[in-house]
Amino acid sequence: MLFSKWIYPSFDPRDSAALQREYGISAIVADILAARGIGSAEAAELFDGQDELEDPFLLPDMEKAVSRLEQAINNQEKITIYGDYDCDGVTATVILYLYLQSMGAKVDWYIPERVEEGYGLNCGALDEISARGTVLLVTVDNGIAAVKEVDYAQSLGMDVIVTDHHQVGEELPRAVAVVNPHRKDYQGGFRPLCGAGVAFKLAAAMEGGDYSLVVDSFGALAAIATVGDIVPLTGENRLLAEQGLKLAEYSDLPGLQALMEVAGLKGKPLTSQKAAFGLVPRINAAGRMGSARLAMQLLLSETPEEAESLAQELNQHNLDRQQEELEILSRVEQTLEEHPEILLDRVMVVPAEGLNHGVVGIVSAKLVSLYGKPNIILSVDGDTATGSARSVENFSMFRAISACGGLLEKYGGHSMAAGLTLKTENIPEFTRQINRYAEQYFEKMPVVSQRIDKELHIGNINLNDVSSLQLLEPFGEGNPQPLFLLRGCLIQEIISLGGGKHLKLRVIFEGKPIYVLYFKMTPEEFVFPVGSQVDILANLELNAFRDNVSVAVRLKDIRPTGFNGQKFRNAYHYYQKIRREEAVETKIMAISVPTLEELRWLYKVLRNRGGSSIHVDLFFLAEVSAKMNYCKYRLILDIFQELELIRLPADFSAIYMEETGKVNLENSEILTWLRQHN
């Protein structure tokens, strides 16, 4: 993404050398740690690590929760575990359900439906659960904000234990126990557990604080949830993930084994990356495409045959989810083509009819990658619109949405992601208000940034150096997979992979040929021709095939060598300001308004391409940048599109020439406005 900001590593080589001496680690690992600002004390936690989990009774109300559960078990009172429809909620429910079942409890579970019920406790579900004879309700991965719903449950004669990991509001639910590490009276040293992590600790507390049985039985599930819920992989989470992922391949849960089989992970050590991309999306797909109860049934399967059938069904849901993503993205891009003014907004609000609520968040994240902007996709259903939002670093989506709270029926989330519901008639005013908020606090909007851990040399691409990176695992939130810069690569060959779905580049890097894998990029969509000199951001991984182990270079981003990112982003910023008809400095307007000669020159260059398509930004870099700035170039393209000389798709993947007769450039309203304000 040309608009993303590459943040280059900066550190004192003496810090890296000190880490090498003290811990006996490789230079590449020491350089990464130094670039991340990790000194000796932090490295000690990383390498020596936390060798045991904290006493679960340090969590607030844990003794009360254990006492009430023991009472329910002894009296054979019916217990219902109330979970959530994502991976964290499902695995938390499974952990507590199976543990209580093993203790002889009379236990049931309930997962709400994403579309019909939404997140968390709801009174309709509580009526049903009470009618089933439930005496004790235990929430996992939800409940901390359900003050009214907990009161309602107790009015139905049910006691409630809340276990949750979300932020605590001003008022706690009036439950028998509220177990949450974010409570102010938490006595432990580690707060950012996931929901399954809290449920895992409750099971350990039922064992008197002994983790051994719980780790063996449920460590793998807790680890998958910890990776999947994108909580920081530091402290206890790091230990949980590290121990649990090692246990996954030996799990005696038929459902987990069947899930790893359909994901192509059976019989292989499970890493955080494989769990995040292989297992978590499949568990989440149940709630997104059908019912999360399917994922529950899979993980509770008692026979391999039942598990295999359910895993295949879940895998099909995941394939359907991928197809649904493509269809929603296509519909969103169609909306953007019909309303290109949305592309100019600081925060893109994109409404469309009848989208799958469970998938729009994933598509919203893709829009961030495509356009480098915070965005909200709204699924419109009659009088109501429900949306998912994703943001960029340093722009809090939750704060922005909160500033428009008067227009919303409900909302929630955090800095990088949020959800909301509003009346359809309020969409225009909401769009105006959230963009006014963005303008008020950000004259120049934050951009997507990518932090580079180390600039590589050809000598670093070897088995020893890449093997040493495993010391930093498990990778995840707070401990990302190292990102490397390969500067000045000459593209020699572009090779299609996976039936045209992926590609492999043969490049010359520092005089030697290497191969670079680029997944989810087709040769047709790849914008750099053979002969281009490019800088590449990549991950390095070990690739084992039969008895052969090699280094795999996986491309994450690419741009021309010598590209001035700051200059490019500034020009794009001013282009958008001008098109939004906002005031800009006189000198900026002076260098941005095109002359008739420049308009004719660019049109001639486009015509001379003979109809072959080329990405908007690559065309600028390849044939225009020496002649004019990017702001002026984009203004000219808008003028051409206004006059129907060209057509630009919403993703700017090509410039299509339109068949048209002679056109008077002076008829452009955009050009007239630019001249009037110059």
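Being a predicted model, the structure only gives us computed values, none of them experimental.
Phe619 and Tyr633 have tilted rings, their planes meeting at an angle from 30° to 60° on a 0 to 90° scale. Relative orientation of the Trp673 and His677 rings is parallel, given thresholds of 30° and 60° on the angle between their planes. Ring orientation note: the planes of Phe620 and Tyr630 are nearly perpendicular, at an angle over 60° on the 30°/60° scale.
Taking the centre and axis of the six-membered ring of Tyr85, the NZ or CZ atom of Arg288 falls outside the cone set by 45° and 6.0 Å. Cation-pi geometry between Lys454 and Phe484 is not satisfied (NZ or CZ under 6.0 Å from the ring centre, within 45° of the ring normal).
A side chain to side chain contact (heavy atoms under 4.5 Å, CB included) with Thr431 is found for one member of Ile342, Val349, Val347, Ile376 and no other, namely Val349.
The heavy-atom pair separating Lys373 from Leu343 by the smallest distance is NZ-O, 2.5 Å. For the pair Cys489 and Phe509, the tightest heavy-atom approach, listed with the atom from each and the gap, is SG-CD1, 3.8 Å.
With hydrogens and angles ignored, the 3.5 Å screen pairs no side-chain donor or acceptor of Ser396 with any backbone N or O of Ser415. Counting only distance, with no hydrogens or angles, the side chain of Arg346 and the backbone of Ile434 share no donor-acceptor pair below 3.5 Å.
Ile578 places a side-chain heavy atom less than 4.5 Å from the side chain of Val584. You'll find the side chain of Leu599 reaches within 4.5 Å of the side chain of Phe640, heavy atoms only.
Remark: the Trp6 side chain and the Asp535 side chain contain no N/O donor-acceptor pair separated by less than 3.5 Å. A donor-acceptor contact closer than 3.5 angstrom links the side chains of Lys444 and Asn570.
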Assess the residue pair His502 and Phe519 against the criterion (ring-ring contact (aromatic ring centres under 6.0 Å, His included)); give the C-alpha distance rounded to whole Å, side-chain angles, the decisive distance to 0.1 Å, and a yes or no. CA-CA 5 Å; His502 317 290; Phe519 290 110; 5.2 Å; yes

